[in-house]
Amino acid sequence: MEENKNLLEVKDLKVSFFTPAGEVKAVNGISYTLGYNEVMGIVGESGSGKSVEAYSLIGLLANPGKVVGGSVTFEGEDLLAYTPEQMREFRGNKVSMIFQNPMTCLNPVYTIGDQLMEALTCHDKNIKKEEARAKAIEMLELVGINNASKRVDQYPHEFSGGMRQRAMIAMALICSPKLLIADEPTTALDVTIQAQILELMKSLQKKENTSIIFITHNLGVVAEICDRVSVMYAGHIVEQATVEDLFYHPMHPYTKGLLASQPRLDADGHERLIPIEGTPIDLLNPPQGCNFGPRCKDCMKICLREKPPYADLGNGHISACWLHYKDLKKEEENK
Amino acid sequence: MSEQKKLLEVENLKKYFAVKTGSFKKNYVQAVESANFFIYKGETLGLVGESGCGKTTLGRTLIRLYEPTSGKIIYDGKPIYDSEKKIAEKMLPYRRKMQIIFQDPSASLDPRMTVGEIIGEALDIHNICPSKAERNDRIRNLLSQVGLNTEHANRFPHEFSGGQQQRVGIARALAVNPEFIVCDEPISALDVSIQSQVVNMLEDLQEEMGLTYLFIAHDISVVRHISNRIGVMYLGCMVELAESYELCAHPVHPYTKTLLSAVPLPDPVKSRARERILLEGDIPSPMNPPSGCRFHTRCPYATEICKQEMPKLEEVGPGHYAACHHLEQA
């Protein structure tokens, strides 16, 4: 039974880009598990490796990117060993993806209906055209597009941004995948539309029992929809916890910094923001010690020397920081 | 504080863009419709709204980067544009007083000029610091003022990160010692951890130099943080304007309420517990805006009068303005 507990297990995944300037370790050894029916958020700034990590899971990594280590297990099967044919079968059927910009991801010269039906016919060669069309209309209705039987014959440019994203979600869910990877699905949308899409994803997730990996840089969105959260910085997961633990008891200085640096709509008075000083590191020349060390307020000597291991803080809450090792702190002070 | 001076005032400001829809037909995008408001000296007026609501157009029309279609702009007591009296002042002297920071820092800096040349160009045009030594000093001062190294003057924009590029954009705006700066989404292209650095810097500069800001952004939590007063725009119209904490605590316009309830809070318990107002549908096209109140197609309280008559921005409390026919219900 042990095997069946998790839908997806990622162990020590490493992805590098081999550029003329050198190897860029975009994802440098990340591990996590995703249970059935769970929504996992991956938060990080641009360049932290959150999208690369998701792309590598389903074999969408483009040259010069390569998975250089680790394992990805989906329901007991090793995804990294899949041949391209197997991967193609797997994508769309068991896992699908929603991208950030719905306009660039829909083909402008095919109708929405054609594109929805293509997803179906690719995975089920025997399906009849009428059946596929009926299913496409049903999916459009499910994602809240009015007048779906007419809309199905329209082209992407006739849809508004929010509706395109709805159509993308319909396309992703049409084969009832077990895992949905959502890469910044609401970033390109306005807040009122974002609220609509989040509500939709929440209700669909309950209805279809899909697990979701939700990639975003917006902490508010994470609080809204995720069960568990991984915070990424420079190719590492620096902290992982349930959504409550992360927001009410953040442990890693980077997570704390992110939370303190954002103005809050529910703040009482005017408090000055506390920014994280400095800029994200250059992944071509990563520092020897902790990646966040150079920007950290509480940086110690050891932080610049060695990479911190994960400290287990209970309840699945892990954080990679030397500050959690109290004895070590004393040692540092004594020096 | 009650005797605050109005630095900038606009009356019935309109900006339409002509669009060709056929060989003889012309149609208009009604980007800004009858804007009436003023900005006090030394304050920050925030402007929020969704994409396409005309907030950027309004910002640019205010400093006449776009020529207004009609209306009146008064700067420091003098009309710089008045469509009725046919006044259209020469803007060059005013450009020394009014500057703008653009949204996309990489697109707003000339890639073939060094940072020193970019900032120096502003000085040359207005003939500030004619001697070379003075000019170089001024550029170096500006760079350190926005937190960059003085050696950066010889570098090109592509050598900087997004946050640093935005600092260059700010230095360029500050070069002429302006009084009023339109900040057009200055932080939305930046990473979360860099955003707060720039926000703090803008606040510090305002205090140091006594600047007045018009701060345009779609992120209402940032706008609330930095602004004294906030105006909310919907489809070219200003629907509500109030002191910023008042606006967020007691919004009266149904659109403002929706907008506030849609903002995700970084607090899992609060954000899941609160009630959301979800709007039906999308924003109508500004080419063909709804008659009457422009919000009536999506408004839960809309009645017959909303379809026929455009509500005026009226004072509903001290310094709190709203444009709605059904304020008592909403």
Side-chain angles (χ1 to χ4, degrees), chain A residues 43-48 146 159-163 186 188-196 198-199 202 217-227 229 233 242-244 246-248 254 257-280 295, chain B residues 48-53 147 160-164 189-201 203-204 218-228 244-245 248-249 255 258-272 274 276-285 298:
Chain A
V43 212
E45 295 176 75
S46 47
S48 62
N146 294 329
F159 277 47
S160 69
M163 272 175 17
T186 59
L189 306 174
D190 277 316
V191 270
T192 56
I193 310 293
Q194 169 172 285
Q196 289 175 5
L198 286 179
E199 284 300 317
K202 268 197 269 183
H217 66 268
N218 188 330
L219 287 165
V221 172
V222 169
E224 194 87 21
I225 195 166
C226 298
D227 301 318
V229 192
Y233 184 77
T242 61
V243 70
E244 288 85 10
L246 192 93
F247 282 95
Y248 301 132
Y254 178 63
L258 273 188
L259 286 167
S261 71
Q262 287 183 332
R264 297 175 63 131
L265 203 53
D266 53 346
D268 293 326
H270 181 96
E271 281 165 26
R272 201 176 157 79
L273 302 177
I274 308 160
I276 304 176
E277 296 301 337
T279 46
R295 297 177 76 187
Chain B
V48 283
E50 298 178 271
S51 49
C53 72
F160 294 94
S161 67
Q164 287 173 318
L190 307 178
D191 256 324
V192 209
S193 73
I194 309 294
Q195 286 188 350
S196 47
Q197 294 175 3
V198 174
V199 166
N200 278 355
M201 192 178 73
E203 285 183 333
D204 291 343
H218 60 265
D219 185 345
I220 198 164
S221 20
V222 174
V223 172
R224 186 185 98 136
H225 175 82
I226 199 168
S227 310
N228 303 95
S244 60
Y245 288 91
C248 294
Y255 178 66
T258 317
L259 197 65
L260 285 167
S261 85
V263 177
L265 292 175
D267 186 324
V269 172
K270 259 196 213 170
S271 75
R272 284 170 210 214
R274 72 180 164 159
R276 270 226 169 121
I277 311 167
L278 285 179
L279 286 184
E280 289 286 313
D282 288 300
I283 307 178
S285 154
R298 299 170 82 196

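Treat the numbers as computed from the prediction; the structure is a model and nothing was measured. The sequence lines fix the lettering, A, B, ..., with proteins before strands; numbering per chain opens at 1.
- Neither the backbone nor the side chain of A/Y254 comes within less than 4.5 Å of any heavy atom of chain B.
- The closest donor-acceptor contact from the side chain of B/D191 to the backbone of A/S46 lies under 3.5 Å.
- Across every non-hydrogen atom of B/E50 and A/V191, the tightest pair is OE2-N, 4.4 Å.
- At a threshold of 4.5 Å between non-hydrogen side-chain atoms, the residues A/P280 and B/I194 count as touching.
- The shortest side-chain heavy-atom distance between B/D219 and A/Q262 does not fall under the 4.5 Å cut-off.
- Within the 4.5 angstrom heavy-atom criterion, no atom of B/Q164 approaches chain A.
- Contact of B/Q195 with chain A is not made at all, since no heavy-atom distance falls under 4.5 Å.
- Contact of B/S51 with chain A is made through backbone and side chain together, with heavy-atom distances under 4.5 Å.
- When the candidates B/V223, B/L259, B/D204 are compared by the number of heavy-atom contacts under 4.5 Å with chain A, B/D204 comes out ahead.
- Chosen from A/L219, A/L198, A/V243, the residue pairing most often with chain B at heavy-atom distances under 4.5 Å is A/V243.
- In this structure, chain A has heavy atoms under 4.5 Å from both the backbone and the side chain of B/I220.
- The contact between B/V192 and chain A is made by backbone and side chain atoms together, counting heavy-atom distances below 4.5 Å.
- Closest approach of A/P275 to B/N200, counting heavy atoms only: CD-ND2, 3.3 Å.
- The contact between A/Q194 and chain B is made entirely by side chain atoms (from C-beta outward), counting heavy-atom distances below 4.5 Å.
- No side-chain heavy atom of B/E203 sits under 4.5 Å from any side-chain heavy atom of A/L273.
- Taking B/S193, B/G52, B/A262 one by one and counting their heavy-atom pairs under 4.5 Å with chain A, the maximum is reached by B/S193.
- No other option in A/G161, A/C226, A/G162 has as many heavy-atom pairs under 4.5 Å with chain B as A/C226.
- Residue B/I277 does not touch chain A at all, counting heavy-atom pairs closer than 4.5 Å.
- With chain A as partner, the option from B/V199, B/D267, B/V222, B/L260 having the largest number of non-hydrogen pairs under 4.5 angstrom is B/D267.
- Across B/C248 and A/L265, no two heavy atoms sit closer than the pair SG-CD1, 4.1 Å.
- For B/R272, the salt bridge (charged side-chain N to carboxylate O under 4.0 Å, His left out) test picks out no residue, with sequence neighbours left out.
- Residue with the most contacts toward chain A among B/S271, B/P266, B/S221: B/P266 (heavy-atom pairs, distance under 4.5 Å).
- For the pair A/E244 (side chain) and B/V269 (backbone), a donor-acceptor distance under 3.5 Å is absent.
- Within the model, atoms CD of B/Q197 and OG1 of A/T279 stand 8.0 Å from one another, a figure rounded to the nearest 0.5 Å.
- Contact annotation for B/V198: neither backbone nor side-chain heavy atoms come within less than 4.5 Å of a heavy atom of chain A.
- Side chains of B/L265 and A/R264 form no contact here, defined as non-hydrogen atoms less than 4.5 Å apart.
- Residue contact with chain B, scored on non-hydrogen atoms closer than 4.5 Å, is absent for A/L246.
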